Each structure stands twice: as C-alpha cells, then as structure tokens.
Amino acid sequence: MRALTVDGPRSRPRVRDVPAPVLGPGELLVEVRSSAVTGIDRAIADGRLLSRVDHVFPVTLGRSWAGVVVDVGDDVRGRSASDRVFGLVLGDVVQRGSWAERLVVADDALVAATPDGVGDDVAGALGLAGVVAQNLVSAARAREGREVLVDGDVLGLAPLVVALAARTGARVIVTGTAADEDVLRAQGAHDVLEPGDDVVAALTALRPDGVDALIDLVDRDHDGFKAALGVLREGGYAVSAFGAATGSGRPDVDVTNVFLEPNPGQLDELAALVASGELPVPVARSVDLDSVGSVLASGTDDGRGLVVVTVAPVPVRDHGGT
C-alpha cells in the first residue's frame with residue numbers, strides 16, 4: 001500500500017510502498033479516506049521531536065484520520081465492516097501514522113463514529129485539531145463575561161479555537177490577516193488584529209486594560225511567551241500549545257502548557273457539535289499524498305482553515321460550512 005513516510009532522522013518525507021498492516025484482537029482495520037496536516041506532523045517531519053519521544057523508522061506521518069472499517073479483530077463489539085469512523089493516532093513511540101491507504105487502530109477512546117451528514121474531509125481534520133482546540137479553550141477558563149485573545153495560528157487551528165471559545169460566551173479577539181478576517185468573524189471573533197511582532201502593543205491599543213486570557217498558538221521561546229503575558233489583566237490565564245509556559249515571571253497570572261490528552265467521549269462530543277452545526281470546521285484546501293510534502297516544507301499556515309489530506313476518494317456531505 002502507499003504511505004507517506006520519513007525513513008530516518010534526516011530524511012525528507014516521501015510516498016512509497018509499505019507492507020499492509022496486520023489486524024489483531026481488539027483492533028479495527030480502516031481504509032483511510034482523509035487526514036489533516038497538523039503541527040505535530042510538521043514537528044515529526046522536521047525532526048524536532050527526536051529528543052522528546054522514541055521513533056521507530058520508517059515513520060508514517062499523519063495523526064488525525066477518517067475512513068471506513070474494512071475488518072474487525074476478535075473481541076471487538078459494536079463495530080463492523082463499512083462503519084464510518086474517525087480518530088487519532090497516538091502512542092509512546094512514533095511509528096504508525098494515518099497518511100497511508102490502510103491503518104490498524106485499537107477500538108478505544110481514540111476512535112469514534114463519524115455522524116451522518118459529516119463529510120470524511122471534515123472528520124479527518126477534526127480529531128487532533130478538535131481535541132487540542134477544546135483543551136486550550138478549557139485551560140484558558142473561557143466563559144461568558146471574559147475576554148480571550150487567540151494569538152497566532154498553526155496550520156489552520158485558530159478558527160476552530162475561536163469557534164469553541166465563542167461558544168462559551170466569551171468575547172474573542174484574534175490575530176489574523178485581512179484575508180482571514182471573514183472566516184474568523186464567521187467563527188465568532190468579535191475583533192481581528194493584524195498580526196505583528198508586538199501583540200502587546202496591538203492589544204493595548206484596542207483594550208488598554210488587557211484581556212482575561214491568552215491562547216498562544218505562536219511557536220515562541222520562553223522569553224517570547226513571557227513578553228506576550230503583557231496582554232493579561234491581573235488574575236488572567238495564559239495557555240501555550242508549544243510548551244513555552246515555563247517560568248512566566250508574573251505571579252499574578254496562571255500559565256499552562258496544553259498537550260494532546262483526549263478525554264473519554266471527547267471525540268463523540270466534538271462530532272456531535274459538528275453534526276448539529278454548532279461547530280463549523282473550516283477547511284482551507286485539500287491536498288493528496290503526493291502533494292502534502294510541499295505543505296510540510298512550506299512553513300506557512302493558512303488562517304482560513306485546516307489543510308485536509310485526501311488519501312482515498314472522499315464522499316461529499318453537508319458538514320455545517322467549510
């Protein structure tokens with residue numbers, strides 16, 4: 001089968017033929033229809049995670065996925081061939097991935113049913129992005145009566161964070177370009193700031209007394225993160241998606257690093273929100289396996305939505321907006 005792999009610590013991603021996965025007890029064999037480009041995929045491809053987690057090469061890229069069950073292993077209950085499902089690929093070792101024609105996954109909390117009316121393109125993008133976005137919003141204590149700044153973007157994650165923060169009743173301010181503004185406002189942003197080097201100055205011009213929470217999607221170093229805390233009021237919350245929230249230097253604010261830690265039922269909850277139309281998932285564009293390497297290498301993000309990877313033909317369904 002075809003897959004996009006990294007074959008060694010200094011190798012560039014390439015599409016090649018690899019052995020098909022073998023189904024075991026308690027597992028699902030899935031024909032992968034779609035995935036999405038995430039910050040984790042870029043970090044694996046760049047070798048930035050080599051010192052943090054063990055790698056077994058060749059590594060297949062891809063953390064999110066959606067597809068159709070081809071077969072089920074012994075001890076699997078409640079799922080059968082032809083079921084539409086989506087989920088995540090996680091583990092203590094980086095090796096398996098979803099940018100492949102077929103994937104074997106455990107039938108556990110990292111797998112959920114794709115609801116009717118939700119396209120495989122959106123489901124394939126939702127898993128990792130949805131979990132990370134929801135965890136960031138939760139850690140930022142977003143709620144009615146509070147103001148939240150979403151600063152930066154990573155491969156189209158910001159619109160999803162904005163939508164989830166706006167659902168809490170919080171007033172959301174986000175950095176974004178003029179080209180991104182319509183999408184960000186449609187997701188629930190009240191104000192859109194032109195991105196720049198000095199987010200504190202830009203925010204202060206709009207809100208001289210600061211905001212209650214910062215959701216930081218910029219890949220900053222620790223000093224950069226500390227400087228960004230200047231946007232916060234006393235007693236505020238700051239969360240980083242890149243592990244920069246260490247030694248903030250401001251004892252009057254709470255800082256937290258948010259990592260990918262799905263909760264039981266979280267994927268089902270996100271899928272229900274998308275199916276009901278309460279959570280739009282903007283898709284900026286789609287690429288195939290042969291083109292996704294250029295997306296990883298570009299180093300640029302798309303503030304208008306997520307970049308979907310089409311692995312197999314994806315049926316088109318209404319999914320509450322793109």
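Just so it is clear, the structure is predicted and the values come from calculations on it, not from any experiment.
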Apply the test side-chain contact (heavy atoms from CB on, under 4.5 Å) to residues Val94 and Asp54: give CA-CA distance (whole Å), side-chain angles for both, the deciding distance (0.1 Å), then the verdict. CA-CA 6 Å; Val94 175; Asp54 291 336; over 6 Å; no
Taking 4.0 angstrom as the limit, do Asp7 and Arg12 come out as a salt bridge? no
Could you walk me through whether Asp121 and Arg33 pass the salt bridge (Lys or Arg N to Asp or Glu O under 4.0 Å) test, one step at a time? CA-CA 8 Å; Asp121 54 347; Arg33 288 185 170 170; over 6 Å; no
For the backbone of Ala170 and the side chain of Glu144, can you confirm whether one donor and one acceptor N or O come within less than 3.5 Å of each other? no
So, does Gln266 use its side chain to make a donor-acceptor pair with the main chain of Asn263 at under 3.5 Å? yes
Give a yes or no on whether Leu103 and Phe57 share a hydrophobic cluster (residues Ile, Leu, Val, Met, Phe, Trp, Tyr; joining criterion: side-chain heavy atoms under 4.5 Å apart). yes
Side-chain touch Leu232/Val211, heavy atoms, less than 4.5 angstrom: yes
Verify, without hydrogens or angle tests, whether Arg185 (side chain) and His190 (backbone) share a donor-acceptor contact under 3.5 angstrom. yes
Leu88 side, atom CG; Trp65 side, atom CH2 - distance, nearest 0.5 Å: 8.5 Å
Decide yes or no for Val192 and Glu181: does some side-chain heavy atom of the first lie under 4.5 Å from some side-chain heavy atom of the second? yes
Residue pair Val137 / Thr168, side-chain heavy-atom distance below 4.5 Å: yes
Give the minimum heavy-atom separation between Asp92 and Val53, together with the two atoms involved. O-CG2, 3.1 Å
Could you please spell out the steps behind the side-chain contact (heavy atoms from CB on, under 4.5 Å) verdict for Leu4 and Thr60? CA-CA 6 Å; Leu4 187 71; Thr60 301; 5.9 Å; no
Would Val308 and Val287 satisfy side-chain contact (heavy atoms from CB on, under 4.5 Å), going step by step from the backbone distance to the final call? CA-CA 6 Å; Val308 167; Val287 296; over 6 Å; no
pair Val199-Leu149: side-chain heavy atoms closer than 4.5 Å: yes
I'd like to check Thr256 versus Ser240 (side-chain heavy atoms, cut-off strictly below 4.5 Å). Are they in contact? no
If I take atom CZ from residue Arg63 and atom CD1 from residue Ile40, how far apart are they, to the nearest 0.5 angstrom? 7.5 Å
Can you check whether Glu31's main-chain N or O pairs, donor with acceptor, with Glu101's side chain at less than 3.5 Å? no
Rounded distance (nearest 0.5 Å) linking atom CD1 of Ile215 with atom CG of Asn135: 11.0 Å
Does the Ser138 side chain pair with the main chain of Gln134, one donor and one acceptor, at a distance under 3.5 Å? no
I need the Asp153 CG to Thr175 OG1 distance, nearest 0.5 Å. 8.0 Å
Within-4.5 Å side-chain heavy-atom neighbours: Val104 and Val22: no
Given side chains that start at C-beta, do those of Phe225 and Val255 come closer than 4.5 Å, heavy atoms only? yes
Does this structure show an ion pair linking Arg2 with Asp17, if we count only N-O contacts that are shorter than 4.0 Å? no
Arg79 side chain to Val72 backbone, donor-acceptor under 3.5 Å: no
Separation between CZ of Arg52 and CD1 of Ile44, rounded to the nearest 0.5 Å: 11.5 Å
In plain terms, say whether Arg233 and Glu147 are close enough for a salt bridge, that is, a side-chain N and a carboxylate O under 4.0 Å apart. yes
Strictly distance-based, threshold 3.5 Å: is any side-chain N or O of Asp41 a donor or acceptor partner for the main-chain N or O of Gly62? yes
Provide the closest heavy-atom pair for Leu157 versus Ala133 in the form atom of the first, atom of the second, distance. CD1-CB, 4.1 Å
In terms of hydrophobic clustering (I, L, V, M, F, W, Y; side-chain heavy atoms under 4.5 Å; direct or indirect links), are Val307 and Phe86 co-clustered? yes
Testing the basics here: between Val231 and Leu214, what is the closest heavy-atom pair and its distance to 0.1 Å? CG2-CB, 4.2 Å
Please answer whether the main-chain N or O of Leu128 pairs with a side-chain N or O of Ser64 as donor and acceptor at a distance below 3.5 Å. yes
Checking side-chain contact (heavy atoms from CB on, under 4.5 Å) for the pair Arg207/Ile173: CA distance, chi angles, key distance, verdict? CA-CA 10 Å; Arg207 292 287 185 275; Ile173 304 168; 4.0 Å; yes
Which of Val32, Asp71, Val70 passes side chain to side chain contact (heavy atoms under 4.5 Å, CB included) with Arg102? It is Val70
Give a yes or no answer on whether the side chain of Arg84 reaches the backbone of Val68 with a donor-acceptor pair at less than 3.5 Å. no
Mind listing the closest non-hydrogen atom pair of Ala112 and Asp268 along with its distance? CB-OD1, 3.4 Å
Co-membership, hydrophobic cluster, residues Val253 and Tyr237, 4.5 Å side-chain: no
Would you say Asp120 and Ser34 are linked by a side-chain donor-acceptor pair, where the criterion is simply a distance under 3.5 Å? no
With a sphere of 6.0 Å drawn around CD of Glu234, does it hold more than 12 non-hydrogen atoms of other residues, nucleotides or ligands? no
Assigning hydrophobic clusters by single linkage (Ile, Leu, Val, Met, Phe, Trp, Tyr; side-chain heavy-atom cutoff under 4.5 Å), is Val122 placed with Leu110? yes
Any side-chain heavy atom of Gln95 within less than 4.5 Å of one from His55? no
Can you check whether Ser35's main-chain N or O pairs, donor with acceptor, with Ser98's side chain at less than 3.5 Å? no
Non-hydrogen atoms of Ala275 and Pro115 that approach each other most closely: CB-CB, 3.8 Å
Would you sort out whether Thr5 and Arg16 count as a side chain to side chain donor-acceptor pair (under 3.5 Å), showing the intermediate values? CA-CA 7 Å; Thr5 67; Arg16 68 187 188 97; 3.0 Å; yes
Of all heavy-atom pairs linking Pro282 and Pro159, the shortest is CG-CB, 3.9 Å
Hey, could you give me the CG/CG distance between Leu193 and Asp191, rounded to the nearest 0.5 Å? 7.0 Å
If two hydrophobic side chains count as joined below 4.5 Å and joins carry through other members, does Val218 share a cluster with Val37? no
